[in-house]
Amino acid sequence: MTPQELAHALAQILAANFAARGGDAAEIAVTEQDTQLERPKNREHGDWASNVAMKFAKRIGTNPRALAEELVVEIEKIDGVAKAEIAGPGFMNITLDAASAGETARRVVEQGADYGRNDVLAGQRINLEFVSANPTGPLHMGHTRWAALGDSTARVLRASGAEVTNEYYINDAGSQMNKFGRSVLAAALGEEAPEDAYPGEYIQTLGAQVREQLPNLAELAAEDRDAALEQTQELAYQLQLAEIKDSLERFNVHFDVYFSERTLHAKGENGEPSPIELSIDRLREQGHVFEEDDAIWVRTTDFGDDKDRVFTRGNGIYTYFAADAAYYLSKMDRGFTEKIYLLGADHHGYIGRLTAIAGAAGDNIETDITVLIGQMVNLDGAKLSKRAGNIIELTDLLEWLGADALRYWLARYPADSPLSLDGEKVRSRTNDNPVFYVQYAHARTCAVDRNAEAAGITREAFAPELLTHETETDLLGKLQQYPGIVAGAAELREPHRIARFLEELAAVYHRWYDNCRVIPLGEEPVTDLHRTRLWLNDAAGQVLRNGLDLLGVSAPERL
RNA sequence: GCCUUGGUAGCUCAGUGGAUAGAGCACUUCUCUCCUAAAGAAGGUGUCGGAGGUUCGAUUCCUCUCCAGGGCACCA
């Protein structure tokens with residue numbers, strides 16, 4: 001009996017109760033969402049608790065306790081339910097019989113890596129854009145947070161049935177790229193940096209690489225400065241982008257699409273209009289375009305933006321917003337039902353205009369676009385900025401802290417909470433480091449497995465009714481919660497829920513390990529209890545592994 | 001000024017209208033001849049920033065307010 005099955009049964013009981021009073025069950029429209037059960041904090045409150053009696057009493061036309069009294073009678077008839085009691089103002093506390101709860105261990109083992117997968121987002125095609133850092137420098141701490149959160153979000157969405165494309169938008173057009181090119185060229189030629197140059201040391205490194213790969217650069221620059229700049233800029237861009245991609249892969253973050261802004265500006269082979277040019281026509285057809293002061297505008301205020309936005313400037317040049325619009329249309333054309341943008345708080349001013357683009361393009365701004373804003377992250381109190389030059393690169397972080405610890409720590413907090421991390425704590429291999437606490441629990445399940453095998457304990461017998469120890473029902477309860485946790489994390493786009501769950505699961509597992517032996521002591525005989533516990537041990541290991549995988553964190557068999 | 005995100009234990013932070021608001025750390029004690037002590041057990045901690053409101057019930061929702069971060073370009 002899973003909480004999902006219980007919720008389903010409860011919904012039917014509630015609807016039947018209403019129907020029996022002469023009501024139209026459709027009128028109160030009970031769903032499993034309404035009857036979802038929670039795991040009570042206090043174990044005296046049973047295995048699962050429901051508050052539906054309080055929620056529905058008024059609608060049904062009675063009072064909570066009276067309704068609960070009728071419901072518990074029916075709940076107790078459910079196969080697998082040991083008892084149901086009323087408590088407090090109308091809570092119903094449900095206790096499962098041990099065999100029914102224990103079934104979970106076998107279910108988890110049999111479903112393996114699929115345990116936890118669900119279909120709450122089935123049928124959705126989601127475009128998830130994140131990181132999208134300019135290719136003018138290495139990724140820093142802020143990008144690293146979005147990389148960890150974005151990739152974990154994608155994994156959680158997929159586990160809940162969505163089809164997800166991870167996308168990185170490359171701002172490879174425009175003045176920042178020119179500035180980048182001039183900075184690297186000066187470095188390559190050994191000249192003094194231009195006044196507005198990028199300050200980071202990586203510019204010097206890129207300059208050296210360019211000099212090496214373009215041996216005639218100095219001559220070319222003397223002859224044709226623009227040509228030298230163009231070649232330098234292109235090469236530096238490719239080098240930098242490759243470095244970004246490489247560091248992301250090492251961070252276990254994979255993008256399905258790297259989308260170049262240039263492709264939006266590019267005309268067709270035979271001079272066909274560019275995607276940006278086409279997009280203005282499409283928005284005009286929708287009736288949201290107007291001209292004023294020589295500029296072409298989109299009336300984004302029709303969709304809640306705080307001001308209208310310029311598409312084409314008075315001098316005929318497209319704004320960045322124009323590229324954003326064309327990019328959005330590209331996502332639409334590629335058939336995504338929902339476009340999610342994961343942006344840093346410094347981009348929060350984009351929400352209005354991005355949403356407005358969606359509306360102007362004819363999308364539903366409530367359901368087809370989601371802009372998630374993440375707050376800044378500090379490491380050891382230092383705020384890092386690429387432009388200021390005091391960067392800590394992703395590659396440095398990987399070396400210092402390791403991909404697992406970094407991903408775990410960055411994914412364990414909601415995106416909208418400002419975060420300050422203590423580098424030494426992230427790095428520590430002690431029990432005050434949750435990533436090691438969770439990984440250790442997993443490694444322990446593997447150690448038990450190895451020892452069980454050596455002791456000749458197999459999973460040939462499974463007697464779930466024997467799993468009656470307090471720590472066993474706790475552990476089973478946690479395992480039963482997992483699919484719901486994944487579904488909730490997906491619906492809310494909050495992968496940190498996975499991490500928090502894993503920490504709880506690890507704690508319950510350690511407690512169980514301390515109380516219940518899988519391998520008998522000394523000369524004691526192996527019984528079905530030991531064999532059944534092996535199933536439970538393996539189930540715990542499986543869920544720890546599945547959860548860590550959603551966070552992109554490894555689950556070592558030994559630490 | 002306007003928009004936006006935070007304010008929860010000494011610290012870092014969880015908490016999708018429910019029962020006595022939680023976890024880890026820090027502090028004090030215990031527990032390894034026996035499956036990994038990177039673990040477990042015990043000990044106390046709160047004006048949930050403040051004031052109103054909605055509700056049977058508010059840390060959670062609404063309004064106002066105080067404090068802090070971020071944002072308000074025919075820049076990219």
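Each chain gets a letter, A, B and so on, in the order the sequences are listed, and its residues count up from 1.
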* Whole angstrom is fine here: how far is it from OH in A:Y513 over to P in B:rA41? => 14 Å
* So is A:R500 actually on top of A:Y413's ring, under 6.0 Å and inside 45° of the axis? -> yes
* Do A:H265 and A:E261 have a side chain donor and acceptor closer than 3.5 Å? -> yes
* To do: For A:W512 and B:rC35, give me the distance from atom CH2 to atom C1', rounded to whole Å.
  => 9 Å
* **Integer-rounded Å distance: B:rA19 C1' and A:R65 CZ** => 12 Å
* Identify the residue among A:I357, A:L354, A:V310 that makes a side chain to side chain contact (heavy atoms under 4.5 Å, CB included) with A:F321. => A:I357
* Taking CG from A:L475 and P from B:rA39, how many angstroms apart are they, rounded to a whole number? -> 17 Å
* To do: Look at all strands and tell whether A:N515 reaches a base, only sugar-phosphate, or nothing, counting heavy atoms closer than 4.0 Å.
  => nothing
* Asked: Hey, does A:A455 reach any base, or is it just sugar-phosphate, or nothing, if we go heavy atoms under 4.0 Å?
  -> nothing
* Which part of the nucleic acid does A:D294 contact within heavy-atom distance under 4.0 Å: base, sugar-phosphate only, or nothing? -> nothing
* **B:rC2 - base-pair partner by Watson-Crick or wobble geometry, distances under 3.5 Å** => B:rG71
* Which part of the nucleic acid, if any, lies within contact of A:G314, taking any heavy atom under 4.0 Å across all strands shown: a base, the sugar-phosphate backbone alone, or nothing? -> base
* **Spacing of A:E424 atom CD relative to B:rA26 atom P, expressed in whole Å** => 15 Å
* Hey, does A:I373 reach any base, or is it just sugar-phosphate, or nothing, if we go heavy atoms under 4.0 Å? -> nothing
* To do: Take the protein atom CG of A:L354 and the nucleotide atom P of B:rA76, then report the distance between them rounded to whole Å.
  => 16 Å
* Structure fact -> Once base and sugar-phosphate atoms are separated, protein heavy atoms under 4.0 Å mark nucleotides 9-16 of chain B, 5' to 3', with B, S and - as ---SSSSB
* Base of B:rA19 and ring of A:H45 stacked, centres under 5.5 Å, planes under 30° -> yes
* **Quiz item: cation-pi between A:K179 and A:Y198, 6.0 Å / 45°** => yes
* A:Y318 side chain reached by A:L264 side chain, heavy atoms, under 4.5 Å -> no
* Asked: Does A:W297 have A:R309 sitting over its ring (NZ/CZ under 6.0 Å from centre, angle to axis within 45°)?
  -> no
* To do: Measure the distance from CG on A:D305 to P on B:rU4 and round it to the nearest whole Å.
  => 13 Å
* Assign A:A173 to base, sugar-phosphate, or nothing according to its heavy-atom contacts below 4.0 angstrom with the strands shown. => sugar-phosphate
* To do: Classify the nucleic acid contact of A:E557 as base, sugar-phosphate or nothing, counting any heavy atom under 4.0 Å across all strands shown.
  => base
* Asked: Taking the six-membered ring for Trp, does A:F91 stack with B:rA19 (centroid gap under 5.5 Å, planes within less than 30°)?
  -> yes
* To do: Quick one: label A:A87 by what it contacts on the DNA or RNA (base, sugar-phosphate, nothing), any heavy atom closer than 4.0 Å.
  => base
* Asked: For A:M54, which contact category applies under a 4.0 Å heavy-atom criterion: base, sugar-phosphate, or nothing?
  -> base
* Identify whether the glycosidic angle of B:rC11 places it syn (within 90° of 0) or anti. => anti
* Nearest-Å distance, NZ (A:K307) to P (B:rC3)? -> 13 Å
* Return yes if a side-chain donor-acceptor contact under 3.5 Å exists between A:R531 and A:T458, otherwise no. => no
